[in-house]
Amino acid sequence: NDQIEGIGISMCAAVDSELGKITIRPYHLPNWTYKEIVKDIKKYFPTTEIRIKNDAECGALAEMEYGATAEVNRLYFLIIGTGIGGAFVDRTHKPLYVLQTEVGYMIIDKNDHTFTGKETSGSFYSFSAGKFIELRYNIKLADIKKDDKLWDIIASDLSVGIANIISIFNPDEFVLAGGVIYNQEHLLEKINLNLRDCLKVYKVPKIRISKLGDNFSLYGALCLLRY
């Protein structure tokens with residue numbers, strides 16, 4: 001009676017859900033490249049169903065299940081923290097369609113070489129991930145005052161990446177999560193204003209901060225066992 005029926009894993013790295021392993025080296029877990037997480041856990045729970053997805057996919061599922069209204073069919077979930085990750089979910093498809101996207105590697109400015117390396121040079125990651133904002137401007141995020149004009153620059157860079165994503169997926173709702181955006185609600189107004197200039201075809205969708213906060217991964221892992 002004490003047997004665990006299912007285990008859901010929300011992993012902050014690119015994963016192959018079918019094979020149950022990490023596919024791209026996580027910056028914060030350098031020794032976990034190609035780690036077969038599901039296989040390792042199966043050693044201890046051999047008869048338990050185990051499902052794994054990227055944390056952005058889990059966040060998208062969680063927000064669609066627990067945060068979005070019934071009118072929202074297409075949702076994009078973007079994590080802006082130490083790194084950047086995103087996922088798209090569409091509930092008009094049966095079964096539910098969810099797509100992991102590595103938008104952090106999307107090129108924002110091909111002429112920017114502030115940071116070298118194929119993974120960072122000119123990328124969305126290098127402009128808007130928390131650790132690179134701090135490196136680029138030589139200041140801790142926590143030390144940037146809310147009336148500092150630097151937030152205008154940060155919002156502008158974020159808006160370029162978000163506009164590119166919207167132009168591809170055209171979501172009904174766009175949800176933001178992560179350390180860069182939490183407690184910085186003033187960024188939403190700046191981003192919305194910038195998007196009106198950036199978007200040329202689609203309208204600006206509703207943009208909000210995650211209702212689940214840092215718990216989106218936990219709720220998302222639960223969703224894995226429901227779909």
Side-chain angles (χ1 to χ4, degrees), residues 10-18 23-24 53-65 67-69 71-112 118-130 132-133 153-178 180-181 187-210 216 220 223 227:
S10 174
M11 186 68 210
C12 48
V15 299
D16 184 319
S17 298
E18 297 299 321
T23 57
I24 298 177
K53 280 191 181 294
N54 167 266
D55 59 345
E57 288 180 279
C58 288
L61 287 171
E63 283 293 339
M64 184 64 90
E65 179 73 16
T69 61
E71 292 76 25
V72 174
N73 287 316
R74 297 160 59 85
L75 180 145
Y76 193 90
F77 183 81
L78 181 66
I79 303 171
I80 313 164
T82 304
I84 290 180
F88 173 73
V89 61
D90 186 341
R91 63 177 162 196
T92 63
H93 287 259
K94 303 297 180 184
L96 194 72
Y97 178 77
V98 59
L99 177 68
Q100 171 189 337
T101 61
E102 291 296 328
V103 293
Y105 298 98
M106 174 173 56
I107 299 301
I108 298 298
D109 183 352
K110 68 178 182 179
N111 296 315
D112 180 81
K118 64 179 182 179
E119 296 175 333
T120 55
S121 184
S123 66
F124 192 20
Y125 191 95
S126 74
F127 278 95
S128 297
F132 280 105
I133 290 174
I153 298 173
I154 293 170
S156 178
D157 292 336
L158 277 169
S159 300
V160 174
I162 292 171
N164 289 342
I165 295 168
I166 292 171
S167 296
I168 296 170
F169 293 101
N170 189 25
D172 302 319
E173 191 166 74
F174 202 108
V175 182
L176 301 172
V180 173
I181 201 73
L187 276 178
L188 285 181
E189 182 179 355
K190 297 178 188 294
I191 290 170
N192 272 297
L193 288 172
N194 288 329
L195 286 176
R196 293 173 192 173
D197 294 328
C198 292
L199 287 172
K200 304 303 180 183
V201 178
Y202 296 126
K203 294 181 179 179
V204 179
K206 178 183 178 182
I207 300 177
R208 63 175 174 83
I209 294 175
S210 171
F216 70 79
C223 286
Y227 294 109

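These numbers come from the heavy atoms of this one structure, side chains and all, not from hydrogens, waters or symmetry mates. These numbers were taken from a predicted model, which means no experiment stands behind them.
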_Chi angles and distances behind the ring-ring contact (aromatic ring centres under 6.0 Å, His included) call for Tyr125, Phe132_ = CA-CA 7 Å; Tyr125 191 95; Phe132 280 105; 5.2 Å; yes
*Verdict with reasoning, Phe174 to Ile162, per side-chain contact (heavy atoms from CB on, under 4.5 Å)*: CA-CA 9 Å; Phe174 202 108; Ile162 292 171; 3.8 Å; yes
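- Residues that satisfy the side-chain contact (heavy atoms from CB on, under 4.5 Å) test with Ser156, not counting sequence neighbours, are Asn194.
- Met106 and Gly161 get closest at one heavy-atom pair: CE-O, 3.6 Å.
- Every ring pair (Phe, Tyr, Trp, His ring centres under 6.0 Å) that Phe216 has, sequence neighbours left out, goes to Phe77.
- Judged as a side-chain contact (heavy atoms from CB on, under 4.5 Å), and not counting sequence neighbours, the contacts of Thr101 are Tyr76, Leu99, Val103, Phe169.
- Side-chain rings of Phe124 and Tyr105 stay apart, their centers remaining 6.0 Å or farther from each other.
- Between the CG atom in Leu176 and the CG atom in Leu187 there is a gap of 9.0 Å [rounded to 0.5 Å].
- With a 4.5 Å cut-off on side-chain heavy atoms, Asn192 and Glu189 do not count as touching.
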*Could you check Val98 against Asp90 for side-chain contact (heavy atoms from CB on, under 4.5 Å), going step by step and ending with a plain yes or no?*
CA-CA 7 Å; Val98 59; Asp90 186 341; over 6 Å; no
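- Between atom SG of residue Cys198 and atom CD1 of residue Ile166 there is a gap of 9.5 Å, rounded to the nearest 0.5 Å.
- Here the straight-line distance linking atom CG of Asn54 with atom OG of Ser10 works out to 7.0 Å at 0.5 Å rounding.
- Checking each of Ile181, Val175, Ile84 against Leu78 for a side chain to side chain contact (heavy atoms under 4.5 Å, CB included) leaves exactly one that passes, namely Ile84.
- Shown here for Ala56 and Gly85, the closest heavy-atom pair between the two residues is CB-C, 3.9 Å.
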Residues 200-208, side-chain donor-acceptor partners within the protein, below 3.5 Å, at least two apart:
unit_1	atom_1	unit_2	atom_2	d
Lys200	NZ	Asp197	O	2.8
Arg208	NE	Glu173	OE1	3.1
Arg208	NE	Glu173	OE2	3.4
Arg208	NH1	Glu63	OE1	2.9
Arg208	NH2	Glu63	OE1	2.8
Arg208	NH2	Glu173	OE1	3.1

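- By the salt bridge (charged side-chain N to carboxylate O under 4.0 Å, His left out) test, Asp157 pairs with no residue at all, sequence neighbours left out.
- Contact between Gly104 and Ser123 at its shortest, heavy atoms only, is O-CB, 3.4 Å.
- For Ser128, the side-chain hydrogen bond (donor to acceptor under 3.5 Å, both in side chains) criterion is met by no residue, not counting sequence neighbours.
- For the pair Leu199 and Ser167, the tightest heavy-atom approach, listed with the atom from each and the gap, is CD2-OG, 3.7 Å.
- Under the rule for a salt bridge (charged side-chain N to carboxylate O under 4.0 Å, His left out), Arg91 has no partner lying at least two apart in sequence or in another chain.
- When the side-chain contact (heavy atoms from CB on, under 4.5 Å) test is applied to Glu65, the partners found at least two apart in sequence or on another chain are Cys223, Arg226, Tyr227.
- Residue pairs that meet the salt bridge (Lys or Arg N to Asp or Glu O under 4.0 Å) test with at least one member in residues 100-111, sequence neighbours left out, do not exist here.
- We find the CD1-CZ distance between Ile133 and Phe127 to be 11.0 Å, quoted to the nearest 0.5 Å.
- Closest approach of Ala68 to Leu75, counting heavy atoms only: CB-CD1, 4.1 Å.
- Considering every non-hydrogen atom in both Ser159 and Lys190, the closest pair reads OG-O, 4.5 Å.
- Looking at residues two or more places apart in sequence or on another chain, you find a side-chain hydrogen bond (donor to acceptor under 3.5 Å, both in side chains) between Glu71 and Thr69.
- Taking the side-chain contact (heavy atoms from CB on, under 4.5 Å) definition, one finds that Val160 meets it with Ile108, Asn164, sequence neighbours left out.
- Scored by the salt bridge (charged side-chain N to carboxylate O under 4.0 Å, His left out) test, Asp112 finds Arg136 as partners (sequence neighbours excluded).
- With respect to the salt-bridge test (charged N to carboxylate O, under 4.0 angstrom), the residues Arg74 and Asp172 do not qualify.
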